[in-house]
Each structure stands twice: as structure tokens, then as C-alpha cells.
Amino acid sequence: MKRFLVPAALAVAYVAVPLAFGGNPYVMGLIVAALTIGGIAVAWALLGNLGGMVSFGHAAFFGVGSYTSAVLSMKLGVPPLAGLLLGGLGAAIASIATMPALRLKGPYFALAILAYAHIFQILATEMTGVTGGAGGLLSIPRFPTLLGVDLGSKTGGYVIILTIVVLSAAAYAAIRRSAWGLALKAMHDTEIATRVIGVPSTHLKAAMLALSAFITGVVGAFNAHFINFLEPDYAFSGAWTVLPIAAAIFGGYRTVWGPVIGALTIYLLDQLVFKELMPHGHQFVLGMLLVGMILLSPGGLAPILGRRLEGGQRHAHA
Amino acid sequence: MLSLTLQALFSGVLAGGYYAMVAVGLALVFGTMRIINLAHGELVLLAAYVAYAAESQYGLNPVMAIPFALVIVGASAALVYALLSRIDQDREINSLILTFGLGIILTNAVLMIWAADIHSTTAPWFQESVVVADTLFAMRSEVVFFVGGLVLMAGVHGWLNHSWQGRAVRALSSNRNAAKLMGVNPRRTEILSFLVAALLATFAGIAIYTGKTIFPSLGHVMTVKAFIITVLAGMGSIPGVLIGAVMIGCIESLTVTYVSASLQELAGMILFLVVLFVMPSGLFGGRKAIAR
Amino acid sequence: MLTLDGVQVSFGGVSALKGVSMTVSAGETVGLVGPNGAGKTTLFNVISGIVRPTAGDITFRGHSVLKAPEWKRARLGIGRSFQIARPLHHCTVRENLIVAQRFGAGRVDHERIDEILDLLKLGHKADRDAVSELALTEHKALEVGKALATNPHLLLLDEVLAGLETNGKRAFMEQLALVRDRFNLAMVVIEHDIPTISALCPRVVVLNFGEIIAEGNPGAVFRDPNVVRSYTGEAAA
């Protein structure tokens with residue numbers, strides 16, 4: 001059953017969704033935005049689950065990624081598709097600045113990263129020469145037409161962000177299964193026991209932070225070229241932290257696909273239902289979902305669904 | 001130049017007074033439960049909006065709103081505690097996310113009820129300026145609540161050191177198991193620390209409403225600021241937290257005076273990171289359990 | 001192969017090790033004995049890098065490892081077990097060894113893992129769900145197995161035989177001797193039981209109050225009046 005689940009889901013995602021909704025830019029735009037959140041949620045969950053670190057500042061990496069790619073494409077003419085990777089790289093480099101925070105415990109790490117997000121936001125606002133300051137960047141280059149497919153369209157954007165999310169989740173799954181993943185899992189309980197068998201635990205955590213930042217940066221770069229506009233308050237907005245956390249927790253941050261499922265559910269519910277019902281403060285419901293999930297099913301939605309699908313097979317507490 | 005600096009420092013000290021009230025509450029709860037309550041600033045926010053509602057709808061003086069705010073904020077704090085105590089697995093990560101979620105709920109509840117507008121008191125008495133030592137200006141509210149805050153914190157300090165319950169709070173903070181063996185009821189002591197934190201948060205909220213401006217995202221700002229202060233000063237003592245709070249207040253007001261108002265938060269953040277990395281045990285060496 | 005030169009350790013003013021110097025040659029098995037609190041485990045922690053000495057030097061295979069972190073020393077060939085087993089949770093026995101091979105030895109050699117599992121009689125438990133279901137002997141074997149999987153030259157065994165009944169102890173000791181000869185290891189063994197240590201180790205080092213008070217073949221050392229006195233609770237002369 002499970003063997004066919006992923007290929008089937010991929011077929012639906014790559015073929016059925018564009019066929020069904022391709023003609024409806026509004027729906028397509030919503031799905032793209034949901035996957036954007038989903039990409040960050042995967043990156044956040046990777047850091048939380050494998051690295052054992054809760055970040056309240058992923059907006060920092062999202063913002064750095066988006067500005068890196070936007071500025072490079074506008075000032076140096078770097079093609080947007082290459083800009084995706086460079087945006088990820090920029091965020092990964094920015095994560096090096098945050099690495100001293102790795103030796104901090106839970107809440108201290110979480111809030112140190114939040115401090116970085118604020119600092120990066122202020123820097124982006126103040127460095128007017130590069131970033132355009134508070135006025136923002138307008139007409140950021142859009143994605144090109146490749147092999148007859150207009151990647152700049154809503155459907156084109158969908159294919160790009162879907163690919164980013166799928167590759168990120170695949171990388172996450174591969175690491176989780178590898179000796180790296182086993183070592184990272186074991187580190188939370190007995191760090192010293194892993195160190196005496198040769199695991200450079202701090203390096204591994206740093207690598208997870210850099211990878212998480214890279215993925216978030218790529219997603220940020222994608223978003224910049226997709227909406228063609230950036231300003232610091234938007235690029236570093238706390239929403240890029242809150243929504244992915246809600247998505248990851250809701251879907252199940254200890255699973256690979258939970259964050260993506262969570263993002264689709266939460267974002268679409270938020271935009272289609274809650275926003276209509278409550279024009280102000282609709283994030284209220286996100287808070288309720290977070291609190292409810294942590295209290296009722298800390299593992300999130302995915303383990304519950306998974307149990308149904310697999311009929312109670314073993315669930316690795318990854 | 002000198003007078004400008006002195007004025008900035010004076011304003012910073014006054015701001016430090018209510019920052020300290022918020023930070024002491026955060027530290028108290030951390031002491032008894034080993035949990036950072038990320039919804040703590042939202043308790044301050046709630047108190048401020050209760051005062052706003054009382055004033056704008058019933059014409060009540062903000063000071064007269066304190067009893068109502070105490071009840072509402074106290075009940076909210078008790079609710080936060082009740083939910084937190086239900087967490088049994090992965091306590092550190094789950095409590096962080098739970099209180100984060102509660103903060104979002106409270107902020108957005110405020111946003112839904114009172115919209116995103118900025119408010120401050122309409123009672124002129126609070127906003128009249130007073131002159132201290134002939135040259136230093138302040139709003140009456142700032143002075144009143146600074147002095148009131150000091151008295152309140154001195155009271156909490158005395159309570160911690162001299163009352164039986166206060167000693168139970170300290171015992172639980174320093175050694176949980178030993179405290180239990182000595183007959184401290186951990187649940188009662190934890191909830192007590194939450195209620196004292198709520199009391200301080202209420203006064204801080206009224207202070208902000210009468211002396212500054214309030215807006216829904218203020219709660220988050222106050223949580224982060226309180227956290228930064230406890231990192232600077234350690235969780236250990238009220239006088240230490242007060243000094244840390246005054247430092248943050250002064251750094252912020254100096255930044256506003258000499259650099260730019262938009263960089264106010266940045267100064268505190270950078271100081272926070274520098275202290276975390278350079279002096280992992282805090283400025284006064286009183287912080288434990290932060291760095292591995 | 002391993003040389004300790006005047007190693008001192010103090011925790012907050014209390015000296016745990018007061019200038020310990022000793023050597024372990026390639027292929028040698030050394031017994032480390034002494035009363036509780038003598039500093040035996042601290043000495044292991046210093047050699048494996050968990051505790052930094054306040055003075056002294058440690059060389060391993062010709063290089064000072066004083067500044068190397070635990071994981072680097074593991075890669076250089078220092079393997080250790082813990083007195084209270086520290087398996088990697090959420091992993092099977094085999095996965096424990098795979099992690100140790102991947103990080104400690106640099107690459108995963110499944111033949112070696114199978115051989116270790118076989119020598120330590122863990123084969124039948126290798127792919128069970130969780131290590132938490134292992135019996136005491138199997139936990140001890142896994143401690144040794146993790147260390148072996150890092151392809152060590154030196155194995156530090158902290159009371160791996162403690163708590164086993166006489167037959168189990170004898171059987172496990174034979175396994176250890178087999179392992180030592182198969183992989184050509186030097187070993188330092190902390191053990192309280194005098195017959196066991198005498199059978200396994202041609203040379204014994206006695207630690208008391210952080211100092212070496214005797215050293216030599218077990219027969220002679222255990223008759224040394226200083227050693228006897230340290231065990232009967234009097235301060236060493």
C-alpha cells in the first residue's frame with residue numbers, strides 16, 4: 001500500500017492538479033502559496049526532528065534567500081532558476097552567522113534565531129543601496145519559458161515549487177534513513193555516547209541548520225521571482241515563521257510528509273474559510289490548531305493518518 | 001548634549017521599571033516550571049486592553065480597571081498553566097510550541113475584538129509632564145508606575161524571601177526533588193508563581209497603556225524583551241532583573257536619541273546575542289541551565 | 001601506544017587525578033583496579049576526551065591527543081564502553097554498529113559488523129526493534145560492540161563484567177579474549193573481581209585517591225600491603 005502511495009501522490013501532484021486547476025489562477029495561486037509554506041515547514045521540521053532544535057526565526061533564512069536571488073537577478077542578471085540555488089546558498093551562508101547559537105538549549109536557541117530574524121530584517125531595511133530599503137524591490141525578474149512551458153505562469157510556478165518541496169522532502173527522507181539520521185536521532189538522548197563512537201555531534205547539528213536554511217532560502221528565492229516584489233517587512237515577516245510551524249506541528253513534524261500535508265490543510269483552510277469568517281485575527285484559528293494538536297496529538301495529523309493506512313504497523317519515533 | 005544624554009538615560013530607567021515587571025514574571029515561572037512561557041507578553045497585552053476597554057466604553061480610570069484586569073489576566077494565566085501541565089512527552093519542545101500557540105491566540109483575540117489600531121489613555125492626568133530635578137522630563141504615568149512597580153517588586157522580593165510560600169517557590173526553583181521531599185506541593189507552588197507573574201503583568205500592562213501606546217503585536221515584543229532581560233541578568237534575583245531591565249531601557253532610549261527610532265529593537269537584540277555568546281552565564285553569572 | 005604523562009584532573013578544587021603516568025603497549029591488556037572513587041572512570045573519561053585534564057599530556061600512537069575532541073579520538077582508534085550502558089535509542093543493535101562504523105571507522109563494512117555481532121553473540125537480536133528490550137548481558141555486549149565497530153586499536157572497558165553471575169562472567173570474558181586476539185587490540189579493563197582481572201590481564205594498575213599506588217603482575221600487586229590496605233578502607237601510606 002505504502003509503496004504505491006508516493007508515486008501515486010506524485011502523479012496526482014504533477015499531472016492531475018495542473019489539469020484540474022490550471023485554468024483557475026486564483027486556486028493555482030493558493031496552492032502555490034500553500035506549497036511555499038510547506039517547503040519552509042519541511043525545512044523547519046528537518047531542523048526540529050533531526051537537529052532537535054526549535055527555531056522561531058526561519059523568516060530570517062526565507063528573507064535572506066529571497067533578497068539574495070532578487071538582487072542577483074536584478075543587478076547582475078543572474079537567471080532566476082540559477083537564483084534559486086544562489087538564494088539557498090545565501091541563506092546557508094547566513095546560517096553560519098547563527099551557528100554560535102547551536103550550543104544554546106531549547107528556548108535560548110529558539111529566541112536567538114528570532115533575534116537574528118529581527119536583525120536581518122532591520123539590515124535589509126537599512127541597506128537601501130542594495131535592497132531598495134523599506135520601499136522594496138519592484139519587478140523582480142519572473143521565471144523564463146522553458147521547453148514551451150511558461151514557468152512564469154501560475155502553473156509554471158506550481159511545477160517549480162512542487163519540485164522544490166519534493167526534492168527537499170526526498171533529501172530529508174534520505175538523511176533520516178542514513179547513518180547520519182540514526183546518529184542525529186540518537187544524539188538527543190545520549191550525545192556523549194554518539195561522540196565517543198566518532199560522531200562529531202556539533203558538526204552534524206550545524207549541517208542540519210545549514211541544510212534547513214538552504215531549503216528555506218530556495219523557497220524564499222522562488223517566492224521572490226513568483227510574486228516579483230519584495231520589501232523587508234514582507235520578506236522577513238513573522239508569518240514565514242508562524243505558518244510553517246503551525247503547518248509542521250499540525251501535519252506532524254516527526255514525519256517527512258506531515259509538514260507538507262499540514263501546510264496544504266492549514267493554508268487553504270485559513271485562506272478559504274477562516275479569512276472569510278474573520279477578516280481580522282484569523283491566525284487565531286492557527287493558534288487553536290497548534291494548541292489543540294500539541295495537547296491531543298503531539299505527533300500531528302500524519303501519524304494518525306499513517307496508522308489508518310498501515311493498520312497499526314510500527315511507527316519509528318524518528 | 002549632556003542634558004540630552006541624561007534625559008535619555010532617565011527615560012530608559014523609567015522604561016526599565018515596567019520591563020522589569022514583565023521579566024520578573026517570566027523568570028518566576030521559568031524558575032518553578034523550567035518553561036519559558038512564550039505567551040507571557042500577551043498577558044501584559046491583555047491587561048492593557050482591559051484598561052482600554054474599561055476606559056473607552058465605561059469611562060473608567062485605568063487605575064480603577066486594575067481589579068478587572070487582575071481577574072481576567074489571572075484567569076488567563078491559570079488557563080495557560082492548566083494547559084501546560086497536561087503536557088507529558090517531549091516537555092521542552094512541546095511546551096515551547098504550546099505557549100507560542102497560546103500567544104498567537106491571545107494576540108489575535110485582541111486583534112479581533114479591538115482591531116489593529118494604536119491606542120493610549122485619554123485621561124490627561126497620566127500624560128501631563130512632570131519635571132524631576134529641574135531638568136528631566138517624564139510623563140506622570142511613567143513616574144507613578146515606576147515607583148509603583150518598584151514597590152510591587154520589592155513586595156514580591158520580600159514575599160520570596162520571607163513568606164513560607166515564597167520560600168517554596170525558591171526551593172522548587174533551586175532543587176525540584178529536594179523541595180518535594182521537604183513537603184513543597186509543586187502544583188500549588190507552580191500556579192502561585194503563575195499568579196504572581198500575572199499580577200506583575202497586569203501592572204505592567206496598565207503602565208504601558210497609560211504611559212505609552214498599545215497595539216496587538218505588543219505582547220510578542222514584550223515576551224522577547226523580557227526574555228532578553230533574563231538572559232542578560234540571569235533568572236536568579238529580582239534586583240538583577242531590574243538592573244538588566246534598566247540597561248535595556250537605557251540602551252533603547254540612547255539608540256532612539258542618537259541613532260534612529262527604527263533601530264530601537266536592534267540594539268537590544270545585538271546586546272542579547274553578544275551576551276549569549278560571550279558570557280553564556282549572563283552578566284552576573286547567575287544563570288544556569290542555559291548553555292549546555 | 002598510549003602514554004599518559006602526569007595527568008591531573010580537578011573538579012572545582014577537588015583533585016580527581018593527581019599526576020597519573022602510565023603506558024599501554026600495542027596488544028597489551030591492562031587491568032585498572034582500585035576502590036570506588038579512586039578515579040578509574042575519570043581516567044577513562046580523560047583518555048576518551050570527555051574530561052579535559054588540568055595538567056599533563058596524553059599521546060596515542062605517537063601524537064598528542066590532548067586537544068582532540070571525543071569523536072576525533074574515536075576515529076584515531078580509542079574505543080570505550082560506559083559502566084551504565086548507553087545504547088543509541090530508537091535504533092536496532094545493527095544500526096548502533098552501523099553508526100559507529102560510519103562515523104568511527106569512516107565507512108560501513110557489513111562483514112565486520114556481522115563478525116562483531118557473531119563474536120558477541122548478538123546476531124539473533126541484531127534487527128529487533130529497540131535496544132531497550134535487551135537483557136543485561138546483551139547491553140554489555142552492545143557497549144563493547146559499538147566500540148569495536150569504530151575499528152579501535154585500544155579498547156577501554158568500564159566494568160563490562162560487573163553485575164554478571166559467575167558463569168556469565170566467565171563466558172563473556174572468553175568472548176572478550178577472542179575479540180582482543182581477533183582484532184589485535186590493546187585493552188584497559190576496569191574490574192573489581194580479583195580472580196577475573198587476574199585471569200584476563202597480565203598487568204594490573206592500582207589507582208587510589210587519584211594516584212597510582214601499585215603496578216605489576218596481578219599475583220604480586222594483590223599481595224602488596226598498600227593495595228590490601230586501600231581495599232580495606234584505610235588511607236594509603
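Residue numbers start from 1 in every chain, and the chains themselves are labelled A, B, ... in the order their sequence lines are given, proteins ahead of strands. Keep in mind it's a predicted model, so treat the numbers as computed, not measured. Worth knowing before you read on, the calculation uses all heavy atoms, side chains too, and leaves out hydrogens, waters and symmetry mates.
- For B:Leu83, the parts sitting under 4.5 Å from any heavy atom of chain A are the backbone and the side chain alike.
- Using a 4.5 Å heavy-atom threshold, the side chains of A:Met288 and B:Ile105 count as touching.
- Looking at A:Ala112, the atoms closer than 4.5 Å to chain B (heavy atoms on both sides) sit in the backbone and in the side chain alike.
- Of the atoms belonging to B:Leu273, it is side-chain heavy atoms, and not backbone ones, that fall under 4.5 Å from chain A.
- Heavy-atom distances place the side chain of A:Phe56, and not its backbone, under 4.5 Å from chain B.
- Both the backbone and the side chain of A:Val291 come within less than 4.5 Å of a heavy atom in chain B.
- At a 4.5 Å heavy-atom cutoff, the contact between A:Leu111 and chain B is made by backbone and side-chain atoms alike.
- The shortest side-chain heavy-atom distance between B:Leu111 and A:Phe284 does not fall under the 4.5 Å cut-off.
- Inter-residue side-chain proximity for A:Leu114 and B:Phe272 is flagged as unmet; no heavy-atom pair is nearer than 4.5 Å.
- Between A:Glu126 and B:Leu263 there is a side-chain heavy-atom pair separated by less than 4.5 Å.
- Heavy-atom neighbours of A:Met99 CE from other residues, nucleotides or ligands within 6.0 Å: above the threshold of 12.
- Side-chain contact between A:Val242 and B:Phe100: present, with at least one pair of heavy atoms (C-beta onward) separated by less than 4.5 Å.
- With a 4.5 angstrom heavy-atom cutoff, A:Ile119 touches chain B via backbone and side-chain atoms both.
- Interface remark: A:Ala101 contributes backbone and side-chain atoms alike to the contact with chain B (heavy atom separation under 4.5 Å).
- The aromatic rings of A:Tyr108 and B:Phe30 lie perpendicular to each other, with more than 60° between the two planes, well past the 30° mark.
- A:Phe120 does not touch chain B: none of its heavy atoms, backbone or side chain, sits under 4.5 Å away.
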